[in-house]
Asker: 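Here it is, the structure in full.
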Amino acid sequence: MMRVLVIGNGGREHALAWKLSASPQVERVFVAPGNAGTSLEPGVENLPIAADDTDGLIHAAQTHSVDLTVVGPEAPLVDGIVDRFEEAGLACFGPRAGPAQLEGSKSFTKAFLDRHAIPTAAWQAFTDPDAAREYIEGHDLPLVLKADGLAAGKGVIIATNHKEALAAVDQILVDQRFGRAGQRLVIEEFLEGEEISFICVASGTEVVALATSQDHKAREAGDRGPNTGGMGAYSPAPRVDAKLHQRIMDEVIHPTVQGLVKEGMPYLGFLYAGLMIDHRGNPKVLEYNCRFGDPETQPILMRMQSDLAALCQAALSGRLARFEIDWDARFALGVVMVADGYPGDYPRGDKIRGLDQVRSDAVKVFHAGTRSEAGEVVTDGGRVLCVTALGETVGAAQRTAYSAVGEIDWKGADWRPDIGWRALND
Ligand code: AMP
Ligand code: GLY
């Protein structure tokens, strides 16, 4: 029997812990630091250790005889947590710092994509503001300006006129608004089309695609308003038909994992490609993430019928190619309930009511920004819950999810009313 440690405290980590604890091979799951949802999950226990406290996490893995660690968020991966666990002789599912640069440095990724002829927007990197300004003057708008490093999804500015583009250069390179992440600026061509997420498990040159999914990053209905970490997601994404799936594997995913192996940094872990599909159906890479998506994890794992612990172990021991993942044929759709003010400032500590009212087997309420306080569950973040439901159709999953959302309440609770709208129209 295995003991597993999940690192992180979001909805993704609740879903990972929930699914790992369902494995017949797993006797106990620890989550560091976890949230109220993981603490209430049978067979799951929270450990009060922050996701960036690598020494503390290694110590906990040793003390609790952990056999497998699964890392949720990008920051510890980019900082090299997997290298540190390996040095301590501990099995850790996630990429080492080398390949995690795919998320940690946009200029690294763009140069890598060019070296391996993987389609992406034309680009250039700058450290000198004057050179960046000169480039902007010589190019048509819109242009996309990105802080090179990790900026929690906030370091991307789409400039529709020269004034905005020049202001973005000042924000990123001169005022250093994104700190160290903004020491370098990437300016790239604006791509039009439909954005999709494509998530795989990779182990060297072996790679298996997970079920397709689509998230909704914009805060408001109709995909308007400010960008967020994700207001909801569903799986499968009907937009990704068999032909597009094959093209993405052939033109993007295989060349990426093979390129990393050739460059001496084989990838192990979840690999998430953010792609733009143009009107002719050509995929281009917008970004890579070195981890599972949040909230995509929630609907994807709700559909996964295979054993996630066995999948991680197959990847770690080079047996991924023969691993077949079984999926529930139904749709899964997750609605993120957020605190008032998100993605700006929001209050914490509001008591959540109605969690017990949700009793359907087709619904799972994954917690994100929650904590337990005197036996009650209170809000503790911007994205608070992801209410996820299965249904025979997108519409059925959507109805079930929203009916469960209607049972839950706290002061200022809010959500998008239209998660899944594109799939309903497809
Ligand atoms: P990134 O973190 O690089 O994925 O950028 C965040 C978001 O900005 C993406 O999810 C896209 O919606 C948008 N974006 C990034 N790069 C481009 C581009 N070259 N063209 C159009 N939109 C982009
Ligand atoms: N849902 C977007 C992300 O995880 O980056």
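Hydrogens, waters and symmetry mates are skipped; everything else that's a heavy atom, side chains included, is used. In each ligand, atom 1 is the first atom listed, and ligand 1 is the first ligand listed.
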Asker: Going by the atom numbers of ligand 1, which of them fall below 4.0 Å from some non-hydrogen atom of Lys146?
Answerer: 3 (O), 15 (C), 16 (N)
Asker: For Val156, which part has a heavy atom under 4.0 Å from ligand 1: side chain, backbone, both, or neither?
Answerer: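 For Val156, the contact with ligand 1 is made by the side chain alone.
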Asker: Of the protein's non-hydrogen atoms, which lies at the shortest distance from atom 2 (C) of ligand 2, and what is that distance?
Answerer: Asp215 OD2, 3.3 Å
Asker: Provide the number and element of each atom of ligand 1 under 4.0 Å from a heavy atom of Glu188.
Answerer: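 Those atoms are 16 (N), 17 (C), 18 (C), 19 (N).
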Asker: One residue to check: Glu189. Relative to ligand 1, which of side chain, backbone, both or neither has a non-hydrogen atom less than 4.0 Å away?
Answerer: backbone
Asker: If only side-chain N and O atoms count, and only distance matters, is there a donor-acceptor pair under 3.5 Å linking Tyr288 with Thr256?
Answerer: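 Checked: Thr256/Tyr288 side chains pair up, N/O donor to acceptor below 3.5 Å.
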Asker: Which atoms of ligand 2 sit under 4.0 Å from any heavy atom of Gly229?
Answerer: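 By the 4.0 Å cutoff, the relevant atoms are 1 (N), 2 (C).
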Asker: Short list, please: which atoms of ligand 2 are under 4.0 Å from a heavy atom of Glu296?
Answerer: 1 (N), 2 (C), 4 (O)
Asker: Please check if atom CG in Asp326 has more than 12 non-hydrogen atoms from other residues, nucleotides or ligands closer than 6.0 Å.
Answerer: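 Yes, enclosed.
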Asker: Give a yes or no on whether a salt bridge exists between Asp55 and Arg84, defined as a side-chain N under 4.0 angstrom from a carboxylate O.
Answerer: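 Salt bridge between Asp55 and Arg84, a charged N being under 4.0 Å from a carboxylate O: yes.
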Asker: Between Lys217 and Asp223, is there a side-chain N and carboxylate O pair less than 4.0 Å apart?
Answerer: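 Salt bridge flag = no for Asp223 with Lys217.
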Asker: Is the gap between the ring centers of Tyr135 and Phe126 under 6.0 Å?
Answerer: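 Distance test on ring centres: under 6.0 Å, yes.
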Asker: Which ligand 2 atoms are under 4.0 Å away from a heavy-atom of Asn289?
Answerer: 5 (O)
Asker: Does a sphere of radius 6.0 Å around CZ in Arg416 hold more than 12 heavy atoms from other residues, nucleotides or ligands, not counting ones at 6.0 Å or beyond?
Answerer: yes
Asker: Regarding Glu164 and Thr160, do their side chains bring together a donor and an acceptor under 3.5 Å, going by distance alone?
Answerer: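 Short answer, yes.
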Asker: For ligand 1, which atoms, with element, lie under 4.0 Å from some heavy atom of Lys217?
Answerer: 10 (O)
Asker: Heavy atom under 4.0 Å from ligand 1: found in Val144's side chain, backbone, both, or neither?
Answerer: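 Side chain only.
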Asker: Tell me whether Arg184 is salt-bridged to Asp128, with the criterion being a basic N under 4.0 Å from an acidic carboxylate O.
Answerer: no
Asker: At less than 4.0 angstrom from any non-hydrogen atom of Arg291, what atoms of ligand 2 do you find?
Answerer: 3 (C), 4 (O), 5 (O)
Asker: Could you tell me which atoms of ligand 2, counted from 1 in the order shown, lie closer than 4.0 angstrom to a heavy atom of Gly293?
Answerer: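 In order of number, 4 (O).
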